[in-house]
Structures are given as C-alpha cells and as structure tokens.
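Input: a single structure, listed below in structure tokens.
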Amino acid sequence: MNEKIRVLIVDDSASVRLTLSDIISADPALEVMATAADPYVAVERIRQEVPDVIFLDIELPRMDGLTFLRKIMAQRPIPVVICSSLAQAGSDTFMQALEAGAVDVVAKPRIDTAQFLQESRMRICDAAKAAAHAKLKGVRKAAPALPVEAKLTADAVLPPVSEARRQSLVQRMPATEPIVAIGASTGGTEALREVLEALPADSPAVLIVQHMPEKFTAAFARRLDAGCVVRVREAVDGDPVEQGLVLVAPGNQHMQLVRTGRRYSVRIVDGPNVSRHRPSVDVLFRSVAQSAGRNALGMLLTGMGDDGARGLLEMRQMGSVTIAQDEESSVVFGMPKEAIQRGAASRVLPLARMAGEIAAFGRNPARSAGGAA
C-alpha cells in the first residue's frame, strides 16, 4: 500500500521533462519511472517496466501523441494524462484524446509566476494520483485519499448564509424555471458527454463545473455542442440561464448562479482555489443553493477529492434534489463517495440514469423535492 505511483513522462521538450520530473519527484507518493522524447522511446521504457501512469504530450516527433494513445489503449491499457500547452488548446485534438481513453488533461507547468507554478504542482500531482486509481476497461480500483492539508472552502469566494437566512430562503424561495448544476473531475468529460447527448432540446438549463485548465473548457464545450441537441457553450459573465442551454464554467475562473426576481444568469469571478480547484464545484453548488434552492437539481459525478461534497449538502439543506453517481459507473469514486458519506445525496444512481433524471426534473421539479436533510 505504501508503494509509490510510477510515472512515465513522454514529451519532446527537455525542459518540460525536467520540470515535470521535479514536480512529480517532490511528491512523496509519486516517482518518475522514466522519461521519453517520443513514443518509440516510450515503448522501449514500457517494455522494461510498465508505469502506473503516463503523462503524454499531443505533439510529438515520429508519432503523434493521439496515435500513440490509441495504440496503448488497444494493446495494453495504461492510465494516461494528457499534458499539453495552452497554445494547443484551440484544437479539439485533446478532446479526441479523452474520447480515445485518456483519463485527464492538465496544462504544462509554467514558471512565469510562483502562484501558477504552485497551482500547477498541485494539479499535476493530483492528476497523477487520480489517474493511477482510475478504472480502465471495467477494472475496479479504490479511489485514493488526497493528503490532509489546509485548503480553502467556498467561504473564500462566496459567504455562507446564516441559519436564520437559510430557513427564510427555504420557506420563501419563489418558484422559478428548474436549474440543474453538475460537478465532475477525473473521468467527467466522457461522463458529461454521455449525459448531455441524451438530453432533449427542452431540457432545463444546466450549469457545469468540470475540473479542466483554462481554454481547454472552450474546446470541451464546442465538442459537446457538436454532438448534443441542447446548446452547449463556455460561460461568459452575465450569460442568461435558459431552457435548452448548457453553460460550462471557464477554466481558471469560478462560476456562480445569480437570481434577479425569477430569472437567472451566471457570474464569472476570479478568486483563489477552493477545495484545490478553480473553477470549484463547491462555489457553484453554494450559489445554486442560495439562489435557486428547491428549484434546483444538483449532481456530483466521477472525480477524486471532495470538491462539491459540501456544496451538494448545502443544496440538499436548501431543498434541492441531490444525486451522486454510484461507484460502479464512476471512473474515480472520490467526490461522489464524499458526498454520500456527508449525507449530501438524496439518491445514488448510475450514470446511465442521469439524463432521464434531468429530463424528469424539468417536467416536474417538485416530484422529488423532499431533498432537504
């Protein structure tokens, strides 16, 4: 149980290989098994020793990363994290990589600011640990526990309401159009695609936080939009929240729901990492709890850590319907498990039932409104 997670780094840049190696080696739970400048060298390394996780660039010499990924998944599946520069994010290639079997995507670390480098370290190490425990081809693996360390809650971005105010909101929240809020992390890109592609055009409005770097979220939204009946786009500050529209929180910024009378819009704000992430599911869920209450449905999908667990509990306490993905269908049963253990989920369901629940909620939001704890 104390064995380190072995990581193979595949990138043609010597400086990137060195930076990634330094970041990974500094984490006591991780070790760099080997590095490779191209897929052919990587294959030789894998023949000598099979890594627990591969960090893979997309643009590589002799064989592109996407082709290499597909060969890995067809011949000997190994958890792969795509590690790409923001300059490449304008392409949908990385979405093809996720569809081909990559479990996560992270931005290459930059050293231009100390804060960015520190956040990169946390994101890269978390991605490695989550990937090592991801289920591939139906193989069940236990979700890892993140190290216990100080981390900010949603209080750092959006203040909580007092108990008296909570009770007042529960009693006096006006009936509005139904709102759906979904949070996901590792394994969430494909989970969200499965859910959204099954939604009808008249689906209730959906707000999504998927842990993903900035600019990657725009390509993610475009990819979803191309395959869905509902409209999907990356959220912009002030966007109205409408039936048949899915808004994805932009990477590196938090997204909040705002109500004016009976109409909703989103607010995109800066702020520190909350529950180790920006955007944070906890921030979105708290805002939905406060602004929509019993008019909302909250869903927490696959992912490592506990982001969203507190927020989902707040939604349930405000009268929202709350659902967590079950272990069997989760790539990493971390975030949903935390929510279940906290009593935040009024129901635990497989991924295949999520779209039906959203559609049913849109038709009759009150049908299971006994979500308050």
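Because only heavy atoms are used, hydrogens play no part in the values below, and waters and symmetry mates are left out as well, while side chains stay in.
Counting heavy-atom neighbours within 6.0 Å of Arg165 CZ, excluding the residue itself, gives a total of 12 or less. Residue-environment remark: CD (Glu177) stays at or below the threshold of 12 foreign heavy atoms within 6.0 Å. Applying the 6.0 Å contact sphere to CZ of Arg6 captures more than 12 heavy atoms from other residues, nucleotides or ligands.
Looking at Thr217 and Glu234, their side chains do bring a donor and an acceptor atom within 3.5 Å of each other.
The main-chain N or O of Glu327 is never found under 3.5 Å from a side-chain atom of Lys337 such that the two would form a donor-acceptor pair. In terms of modelled atom types and a separation under 3.5 Å, the side chain of Asp11 and the main chain of Asp57 share no donor-acceptor contact. At least one donor-acceptor pair under 3.5 Å links the side chain of Ser320 to the backbone N or O of Met315. When atom types are taken as modelled, the side chain of Arg278 and the backbone of His254 share no donor-acceptor pair closer than 3.5 angstrom. In this structure a side-chain-to-backbone donor-acceptor pair under 3.5 Å is present from Ser21 to Arg17. Looking at Ser291, its side chain does come within 3.5 Å of a backbone N or O of Leu257 through a donor-acceptor pair. Checking side-chain atoms of Asn295 against main-chain N and O of Pro174 turns up a donor-acceptor pair under 3.5 Å. Between the side chain of Arg62 and the backbone N or O of Tyr40 there is no donor-acceptor pair closer than 3.5 Å. Not a single donor-acceptor pair under 3.5 Å links the side chain of Arg310 to the backbone N or O of Asp282. For the pair Gln325 (side chain) and Gly303 (backbone), a donor-acceptor distance under 3.5 Å is absent.
Salt bridge absent: Arg121 and Asp27 never bring a charged side-chain N and a carboxylate O closer than 4.0 Å. With respect to the salt-bridge test (charged N to carboxylate O, under 4.0 angstrom), the residues Asp104 and Arg123 qualify. Taking the charged nitrogens against the carboxylate oxygens, Arg231 and Glu242 do have a contact shorter than 4.0 Å, which makes a salt bridge.
Considering all non-hydrogen atoms of both residues, Ile358 and Val180 come closest at CG2-CG2, 4.0 Å. Heavy atoms only, all atoms of each residue included: Ala29 and Lys129 are closest at CB-CE, 4.0 Å. In plain terms, the two heavy atoms of Asp307 and Pro279 that are nearest each other are OD2-O, 4.4 Å. Smallest separation of non-hydrogen atoms from Leu300 and Pro336: O-CG, 3.9 Å. Of all heavy-atom pairs between Phe361 and Pro178, the closest is CE2-CB, 3.5 Å. Annotation for Ser25 and Val32: closest pair OG-CG2, 3.5 Å, computed over non-hydrogen atoms.
A heavy-atom distance below 4.5 Å is not found between the side chains of Pro240 and Arg263. At least one side-chain heavy atom of Leu199 sits under 4.5 Å from a side-chain heavy atom of Leu196. Contact check for Leu313 versus Phe285: no side-chain heavy atoms found under the 4.5 Å cut-off. The closest side-chain heavy-atom distance from Ile124 to Phe55 is below 4.5 Å. Taking the side chain as every heavy atom from C-beta outward, Val209 and His211 approach each other to under 4.5 Å. A 4.5 Å side-chain heavy-atom check between Val161 and Glu314 finds every atom pair outside the cut-off. Between Asp38 and Val41 there is a side-chain heavy-atom pair separated by less than 4.5 Å. Residues Asn273 and Met122 are in side-chain contact: their nearest non-hydrogen atoms beyond the backbone lie under 4.5 Å apart.
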Ser13 vs Ser15, side chain to side chain donor-acceptor pair (under 3.5 Å): CA-CA, chis, key distance, verdict: CA-CA 5 Å; Ser13 167; Ser15 62; 3.0 Å; yes
Stepwise side-chain contact (heavy atoms from CB on, under 4.5 Å) check, Leu98 with Arg193: CA-CA 11 Å; Leu98 290 168; Arg193 183 175 66 84; over 6 Å; no
Test log, rule side-chain contact (heavy atoms from CB on, under 4.5 Å), inputs Gln253 and Asp270: CA-CA 5 Å; Gln253 290 183 291; Asp270 295 322; 3.3 Å; yes
side-chain contact (heavy atoms from CB on, under 4.5 Å) between Ile23 and Cys125, intermediate numbers included: CA-CA 8 Å; Ile23 289 173; Cys125 292; 3.9 Å; yes
side-chain contact (heavy atoms from CB on, under 4.5 Å) evaluation trace for Met354 with Leu301: CA-CA 10 Å; Met354 297 298 187; Leu301 306 184; 3.9 Å; yes
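A single hydrophobic cluster is not seen to contain both Leu158 and Met255; linkage of ILVMFWY side chains at heavy-atom distances under 4.5 Å, directly or through other members, places them apart. Both Leu349 and Ile208 are assigned to one and the same hydrophobic cluster, defined by single-linkage of ILVMFWY side chains at heavy-atom distances under 4.5 Å. Put simply, Val106 and Val16 are part of the same group of oily side chains (I, L, V, M, F, W, Y) that touch within less than 4.5 Å, one to the next. Hydrophobic clustering (ILVMFWY, side-chain heavy atoms < 4.5 Å, transitive): Val229 and Leu245 are in distinct clusters. The cluster map of Ile, Leu, Val, Met, Phe, Trp and Tyr, joined by side-chain heavy atoms under 4.5 Å apart, puts Met212 and Val274 in different clusters.
Expressed to the nearest 0.5 Å, how far CZ of Arg233 lies from CG of Leu247 amounts to 5.5 Å. Rounding to the nearest 0.5 Å gives a distance of 4.5 Å between CG of Leu20 and SG of Cys83. Once rounded to the nearest 0.5 Å, the distance linking CD of Gln317 with CG of Leu312 reads 10.0 Å. Note that the OG1 atom of Thr302 and the CE atom of Met335 stand 8.0 Å from one another [nearest 0.5 Å]. For the atom pair OG1 (Thr186) and CD (Gln210), the distance works out to 8.0 Å, reported to the nearest 0.5 Å. Between Leu351 atom CG and Arg353 atom CZ the span is 12.0 Å, to the nearest 0.5 Å.
For Arg47, the side chain to side chain donor-acceptor pair (under 3.5 Å) criterion is met by Glu44, not counting sequence neighbours.
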